Engineer: 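Dropping the structure in here first, questions after.
As the structure is a computational prediction, the values presented were derived from the model and not from experiment.
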Amino acid sequence: MRFAPSPTGYLHIGSARTALYNWLMAKKEKGLFLLRIEDTDRSRYVPEAMTDIMENLRWLGLDWDEGPEAGGPAGPYYQSERVEIYRRHAEDLVVQGKAYYCFCSPERLEELRRSGYGYDGHCRELSAERCREYFEEGKEAVIRFKMPREGKITVRDYLRGEILFDLQTLDDFVLLKSDGFPTYHLAVVVDDHLMAITHVLRGDEWIASTPRHILLYKAFGWEPPVFIHLPVLLAPDGKGKLSKRHGSTSLREYREQGYLPEAVNNFLLLLGWHPPDDREVVTMEEAAAVFSPERINTAPVAFSLEKLNWLNGVYIRRLAPEDLAARVLPFLQKDGLLPDPCPPERFAYLVRIIPLVQERLRLLSEIGEQTAYFFQEEIPAPSPELLVGKKSSASETRDLLAAALKVLEGVADFSAANVEETLRGLAAELGKKPGLLFMPLRVAITGRTATPGLFETMEAIGKPRVLRRIRAALSGLA
RNA sequence: GGCCCCAUCGUCUAGAGGUUCAGGACACCACCCUCUCAAGGUGGAGACACGGGUUCGAUUCCCGUUGGGGCUACCA
């Protein structure tokens with residue numbers, strides 16, 4: 001199995017799915033997974049793309065057995081370093097009469113394209129003599145594949161069965177460009193063969209080019225691999241291909257938004273594939289044990305984030321507090337709530353806070369807004385509107401807070417259980433519903449109406465800060 | 001335009017001719033739990049694109065229509 005991205009941009013979420021499926025299949029079948037870089041288009045080459053692709057594949061845990069930085073017997077794994085190999089193969093085909101030099105000008109080709117048909121075979125029967133003359137004149141040439149002119153070719157797709165193509169609809173495509181670099185078609189066939197790829201699992205935008213590839217395998221006298229074409233990813237509205245217009249398409253953006261690689265993998269896995277049972281939460285280990293290409297769907301898939309958000313929550317809840325703390329730390333540092341580097345005692349406090357917010361967190365990036373009041377010495381004074389509930393009045397709220405302040409001052413053991421007991425006792429004593437007392441306290445202490453359990457929160461914040469915040473709220477009401 | 005692929009709840013999907021008044025998950029709604037918010041529990045609403053065949057019987061097979069998508073480069 002292999003994943004063969006082109007370094008023309010950041011790792012796309014759809015490419016990541018392709019990589020994942022390839023990786024899973026390699027694991028399942030105890031085969032090898034290799035990474036090959038298809039950098040044969042110098043004009044579209046983006047230098048940062050390479051590091052982004054490798055970094056994010058690793059982030060997902062999709063390690064490659066062979067490829068850049070890993071090496072391997074079939075290297076090099078950058079196509080730009082293999083141009084000699086492609087040139088040799090292309091020239092072999094010319095010698096065998098299965099391909100030919102073409103000297104047509106870009107202008108002529110442009111006109112041809114406008115006519116709606118492919119290349120017309122203008123240079124197909126050029127004599128060797130003529131070619132030499134052209135070369136001596138310094139003309140640039142490409143090598144084109146000599147397509148059989150009639151008949152049909154059947155492409156066997158693992159999921160779709162046989163697909164018939166009329167050879168008349170296929171033109172003499174370019175194998176080797178005038179700059180000496182191969183086209184995708186040549187490079188992919190040569191490399192997949194030389195690298196002993198048995199299953200080509202790629203996006204279904206390649207179906208239309210597969211007949212060319214099969215013909216190339218035949219021309220070289222090679223056995224074609226099994227072709228498995230994945231359905232395309234559609235925009236969330238199901239209309240049109242997934243593109244930047246519809247939100248994030250690069251994996252790095254998801255990472256930056258606070259998605260867990262576990263969740264992204266699980267989500268991508270379910271986008272076109274499903275396990276034999278009804279499970280939705282499937283870890284990589286589980287998937288690697290049961291992945292089978294028969295269960296891949298053929299219909300286009302809308303890329304909707306709802307399930308990813310849910311899965312992210314699921315995986316966040318599964319994390320050990322220390323683990324989640326470590327993952328959330330960079331986000332808190334970015335928000336300026338914890339220093340970088342983070343001293344051990346501050347980190348320990350974070351770990352202590354984690355259980356309070358763990359089941360409320362959907363994205364790691366939400367950590368700051370959900371926990372700021374734990375880390376801050378003082379919080380911005382909550383507005384009276386927030387402090388005074390809809391069912392209460394300013395004077396009642398003031399009385400309640402004052403009463404709470406008084407009893408809390410006397411609490412020596414500021415544990416959640418003890419605080420709860422004290423405050424419930426107070427509410428009963430005042431003949432008030434507990435919620436009526438708890439809400440203004442919550443707002444006074446945290447500045448918000450939605451928080452983790454009040455008493456756990458108070459314990460974590462500690463008596464001095466709690467009392468100070470209640471006093472501050474009280475003075476704000478005066 | 002030509003060639004090709006695809007078509008079950010809003011979304012991801014189960015289903016491989018009858019045992020399905022079509023099952024699960026996300027999202028949505030209601031209720032329960034409850035100090036708020038979550039999480040969790042229970043329940044609810046929600047789909048076989050359409051038209052022809054084939055068949056005793058079609059969501060399942062065939063054809064067409066419609067819709068969506070891809071390819072049609074010296075890009076991958």
Side-chain angles (χ1 to χ4, degrees), chain A residues 4-8 38-41 43-44 79 102 104 106 109-110 112-113 116-119 140-144 155 157 159-160 163-166 168-171 173-185 187-188 202-211 229 231-234 236-241 267 270-274 276-281 295 297-311 313-314 317 356-362 370 389 420 423-424 427 433-439 441-443 446 448-455 457:
Chain A
S6 182
T8 54
E38 313 223 316
D39 54 350
T40 55
D41 184 356
S43 65
R44 294 206 306 158
Q79 290 188 329
C102 167
C104 290
L109 294 174
E110 177 57 31
L112 238 33
R113 195 173 314 133
Y117 296 94
Y119 183 66
E140 287 201 327
V142 300
I143 293 180
R144 285 184 185 272
V155 168
D157 176 84
L159 301 172
R160 283 159 262 255
I163 306 169
L164 222 61
F165 288 87
D166 195 327
Q168 284 168 18
T169 64
L170 268 26
D171 69 348
F173 61 98
V174 173
L175 295 173
L176 205 69
K177 306 184 228 175
S178 58
D179 63 4
F181 278 73
T183 59
Y184 172 81
H185 306 302
V188 78
R202 84 234 285 199
D204 87 0
E205 68 268 23
W206 293 111
I207 290 182
S209 342
T210 309
H229 290 102
V232 288
L233 252 31
L234 265 28
D237 60 5
K239 292 195 165 125
K241 209 175 171 179
F267 175 64
L270 261 22
L271 240 40
W273 185 86
H274 70 94
D277 51 29
D278 270 343
R279 262 182 314 163
E280 306 281 337
V281 181
R295 309 193 69 87
N297 264 93
T298 50
V301 183
F303 184 85
S304 158
L305 254 26
E306 286 165 348
K307 204 167 212 159
L308 173 58
N309 290 333
W310 168 70
L311 278 170
V314 169
R317 273 170 250 133
L356 305 197
V357 293
Q358 188 154 17
E359 66 188 20
R360 284 158 245 262
L361 215 52
R362 299 215 113 194
Q370 283 194 25
E420 175 165 12
L423 288 176
R424 284 195 190 280
K433 286 177 73 174
L436 205 60
L437 170 64
F438 298 162
M439 190 46 93
L441 270 174
R442 179 191 320 281
V443 173
T446 67
R448 32 180 62 230
T449 54
T451 71
L454 216 212
F455 318 113
T457 301

Engineer: Give me the distance, rounded to whole Å, that separates B/A73 from B/C12 when you measure between the C1' atoms they each carry.
Structural biologist: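 Between the two C1' atoms, the distance is 35 Å.
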Engineer: If you take all heavy atoms of A/A299 and A/P231, which pair is closest and at what distance?
Structural biologist: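 It is O-CB, 3.1 Å.
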Engineer: Could you let me know what B/C9 is paired to, Watson-Crick or G-U wobble, both distances under 3.5 Å, or none if it's on its own?
Structural biologist: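 In the structure as shown, B/C9 has no Watson-Crick or wobble partner.
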Engineer: Is the shortest side-chain N/O distance from A/R362 to OP1 or OP2 of B/A27 below 4.0 Å?
Structural biologist: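 For B/A27, OP1/OP2 do have a side-chain N/O of A/R362 under 4.0 Å.
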Engineer: Kindly assign one of parallel, tilted or perpendicular to the pair A/F455 and A/F438, based on the angle between their ring planes and the thresholds 30° and 60°.
Structural biologist: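 Plane angle over 60°, so perpendicular.
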Engineer: Can you check the distance between B/A76 and B/G40, where both ends of the measurement are the C1' atom (answer in whole Å)?
Structural biologist: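 Approximately 48 Å lies between the C1' atom of B/A76 and that of B/G40.
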Engineer: Applying a 3.5 Å limit to both distances, which nucleotide forms a Watson-Crick or G-U wobble pair with B/G1?
Structural biologist: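 Paired with B/U72.
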Engineer: Looking at B/U13, I'd like to know if its phosphate oxygens (OP1 or OP2) sit under 4.0 Å from a side-chain N or O belonging to A/R295.
Structural biologist: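 Answer no for this pair, as no side-chain N or O of A/R295 is under 4.0 Å from OP1 or OP2.
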Engineer: For B/G43, which nucleotide in any strand shown is its Watson-Crick or wobble partner with both distances under 3.5 Å?
Structural biologist: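 Answer to the pairing question: B/C29, which forms a Watson-Crick or G-U pair with B/G43.
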Engineer: Who does B/C61 pair with, Watson-Crick or G-U, both distances under 3.5 Å?
Structural biologist: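 B/G53 - that is the nucleotide pairing with B/C61, both distances being under 3.5 Å.
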Engineer: Counting just side-chain N and O atoms, does A/N297 come under 4.0 Å of either OP1 or OP2 of B/A7?
Structural biologist: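 For B/A7, OP1/OP2 do not have a side-chain N/O of A/N297 under 4.0 Å.
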Engineer: Looking only at atom C1', what distance separates B/G18 and B/U13, rounded to whole Å?
Structural biologist: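 Those two atoms are separated by 23 Å.
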Engineer: To the nearest Å, give me how far apart CG (A/L233) and C1' (B/C6) are.
Structural biologist: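 Result: 14 Å.
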Engineer: Provide the Watson-Crick or G-U wobble partner of B/A22, both distances under 3.5 Å; none if there is no partner.
Structural biologist: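 Pair assignment: B/A22 / none.
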Engineer: Closest heavy-atom contact between A/T457 and A/P452?
Structural biologist: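 Closest approach of A/T457 to A/P452, heavy atoms only: OG1-O, 3.5 Å.
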Engineer: Are there any protein N/O atoms within less than 3.5 Å of an N/O atom in nucleotides 66-76 of chain B, and if so, which ones and at what distance?
Structural biologist:
{"from": "B/G69", "atom 1": "OP1", "to": "A/G240", "atom 2": "N", "distance (Å)": "3.2"}
{"from": "B/C74", "atom 1": "OP1", "to": "A/R113", "atom 2": "NH2", "distance (Å)": "3.4"}
{"from": "B/C74", "atom 1": "O2", "to": "A/S178", "atom 2": "N", "distance (Å)": "2.8"}
{"from": "B/C74", "atom 1": "O2", "to": "A/S178", "atom 2": "OG", "distance (Å)": "2.8"}
{"from": "B/C74", "atom 1": "N3", "to": "A/S178", "atom 2": "OG", "distance (Å)": "3.0"}
{"from": "B/C75", "atom 1": "OP2", "to": "A/K177", "atom 2": "NZ", "distance (Å)": "3.0"}
{"from": "B/C75", "atom 1": "O2'", "to": "A/D41", "atom 2": "OD2", "distance (Å)": "2.8"}
{"from": "B/C75", "atom 1": "O2'", "to": "A/R44", "atom 2": "NE", "distance (Å)": "3.3"}
{"from": "B/C75", "atom 1": "O2'", "to": "A/R44", "atom 2": "NH2", "distance (Å)": "3.1"}
{"from": "B/C75", "atom 1": "O2", "to": "A/R44", "atom 2": "NH1", "distance (Å)": "3.4"}
{"from": "B/C75", "atom 1": "O2", "to": "A/R44", "atom 2": "NH2", "distance (Å)": "3.2"}
{"from": "B/A76", "atom 1": "OP1", "to": "A/T40", "atom 2": "OG1", "distance (Å)": "2.8"}
{"from": "B/A76", "atom 1": "OP1", "to": "A/K177", "atom 2": "NZ", "distance (Å)": "2.8"}
{"from": "B/A76", "atom 1": "OP2", "to": "A/Y184", "atom 2": "N", "distance (Å)": "3.1"}
{"from": "B/A76", "atom 1": "O3'", "to": "A/E38", "atom 2": "OE1", "distance (Å)": "3.0"}

Engineer: Check every strand shown and say whether A/G272 touches a base, only sugar-phosphate, or nothing at a heavy-atom separation below 4.0 Å.
Structural biologist: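 Counting heavy atoms under 4.0 Å across all strands, the contact made by A/G272 is with sugar-phosphate only.
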Engineer: Provide, to the nearest angstrom, the distance between the CG atom belonging to A/L271 and the P atom belonging to B/C6.
Structural biologist: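 Taking atom P of B/C6 as the reference, CG of A/L271 is at 18 Å.
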Engineer: Nucleotides 22-25 of chain B: which of its N/O atoms have a protein N/O under 3.5 Å away?
Structural biologist:
{"from": "B/G24", "atom 1": "N2", "to": "A/E280", "atom 2": "OE2", "distance (Å)": "3.2"}
{"from": "B/A25", "atom 1": "O4'", "to": "A/E280", "atom 2": "OE2", "distance (Å)": "3.1"}
{"from": "B/A25", "atom 1": "N3", "to": "A/K307", "atom 2": "NZ", "distance (Å)": "3.1"}

Engineer: Which nucleotide wins on minimum distance to the side chain of A/H274, given the candidates B/G15, B/C6, B/G40?
Structural biologist: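 Nearest listed nucleotide: B/G15.
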Engineer: Taking B/A49 as the reference, what is the distance to B/C9 when you measure between their C1' atoms (whole Å, please)?
Structural biologist: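 So the two C1' atoms sit 13 Å from each other.
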Engineer: Test A/D179 against A/K177 for salt bridge (charged side-chain N to carboxylate O under 4.0 Å, His left out), laying out the working first.
Structural biologist: CA-CA 5 Å; A/D179 63 4; A/K177 306 184 228 175; 5.1 Å; no
Engineer: Would you indicate what A/V281 reaches in the nucleic acid, counting non-hydrogen atoms under 4.0 angstrom: base, sugar-phosphate, or nothing?
Structural biologist: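 The answer is nothing, as A/V281 stays clear of every strand by at least 4.0 Å.
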Engineer: Without decimals, in angstroms, what is the distance between A/F303 CZ and B/C12 P?
Structural biologist: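 So the two atoms are 12 Å apart, to the nearest Å.
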Engineer: Can you check the distance between B/G1 and B/U11, where both ends of the measurement are the C1' atom (answer in whole Å)?
Structural biologist: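 So the two C1' atoms sit 34 Å from each other.
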Engineer: Rounded to the nearest 0.5 Å, what separates atom CG in A/L361 from atom CG in A/L356?
Structural biologist: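 Result: 12.0 Å between the selected atoms.
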Engineer: Would you measure the distance from the C1' atom in B/A7 across to the matching atom in B/U60 and give it in whole Å?
Structural biologist: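 About 14 Å, rounded to a whole number of Å.
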Engineer: With distance as the sole test, does A/T183 use its side chain to make a donor-acceptor pair with the main-chain N or O of A/V174 at under 3.5 Å?
Structural biologist: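 Checked: pair present.
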Engineer: So what does A/L454 touch, heavy atoms closer than 4.0 Å: a base, only the sugar-phosphate, or nothing?
Structural biologist: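 The residue A/L454 makes base contact.
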Engineer: Which residue lies toward the 5' end of RNA chain B, A/L164 or A/T451, if each is placed at its nearest nucleotide?
Structural biologist: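 Going by which nucleotide is closer to the 5' end, it is A/L164.
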Engineer: Can you check the A/L441 CG to B/U36 P distance for me, whole Å?
Structural biologist: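 The distance from CG of A/L441 to P of B/U36 comes to 14 Å, rounded to the nearest Å.
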Engineer: Which part of the nucleic acid, if any, lies within reach of A/P452 when heavy atoms closer than 4.0 Å are counted: base, sugar-phosphate only, or nothing?
Structural biologist: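 Here A/P452 touches the bases of the nucleic acid.
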Engineer: What's the closest nucleotide to the A/E306 side chain, out of B/U13, B/C26, B/C6?
Structural biologist: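 Of the options given, the side chain of A/E306 lies nearest B/C26.
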Engineer: Please report the distance separating the P of B/C28 from the corresponding atom of B/C35, rounded so that it comes out in whole Å.
Structural biologist: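 Roughly 24 Å separates the two P atoms.
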Engineer: Which heavy atom in A/C104 sits nearest to a heavy atom in A/L109, and how many Å separate them?
Structural biologist: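 Nearest pair, atom of A/C104 first, then A/L109: CB-CD2, 4.1 Å.
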Engineer: Side-chain contact, heavy-atom cut-off 4.5 Å: A/L233 with A/L271?
Structural biologist: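 They are in contact (side-chain heavy atoms under 4.5 Å apart), so the answer is yes.
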Engineer: Which heavy-atom pair separates A/Q358 from A/R317 by the least distance, and what is that distance?
Structural biologist: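 Minimum heavy-atom contact is NE2-O, 3.7 Å.
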Engineer: How close do A/H229 and A/L159 get, heavy atom to heavy atom, and via which atoms?
Structural biologist: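 The answer is O-CD1, 3.6 Å.
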Engineer: Partners of A/D39 by side chain to side chain donor-acceptor pair (under 3.5 Å), sequence neighbours excluded?
Structural biologist: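 Side chain to side chain donor-acceptor pair (under 3.5 Å) check on A/D39 returns A/S80.
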Engineer: Rounded to whole Å, how long is the line connecting atom CZ of A/F267 with atom P of B/A27?
Structural biologist: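 That distance rounds to 12 Å.
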Engineer: Mind checking the C1' distance from B/U66 to B/G52? Whole angstroms is fine.
Structural biologist: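 It works out to 14 Å between them.
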Engineer: Measure from CZ on A/F165 to P on B/G2 and round the result to the nearest Å.
Structural biologist: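 Atom-to-atom, A/F165 to B/G2, this comes out as 16 Å.
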Engineer: To the nearest Å, how far apart are A/N309 CG and B/A39 P?
Structural biologist: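 Rounding to the nearest Å, CG of A/N309 and P of B/A39 are 12 Å apart.
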Engineer: Starting from P on B/U36, measure out to CZ on A/F455 and report it in whole angstrom.
Structural biologist: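 In whole Å, B/U36 P and A/F455 CZ are 10 Å from each other.
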Engineer: To the nearest 0.5 Å, tell me how far A/L454 CG sits from A/L423 CG.
Structural biologist: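 Rounded to the nearest 0.5 Å, the CG-CG separation comes out at 7.5 Å.
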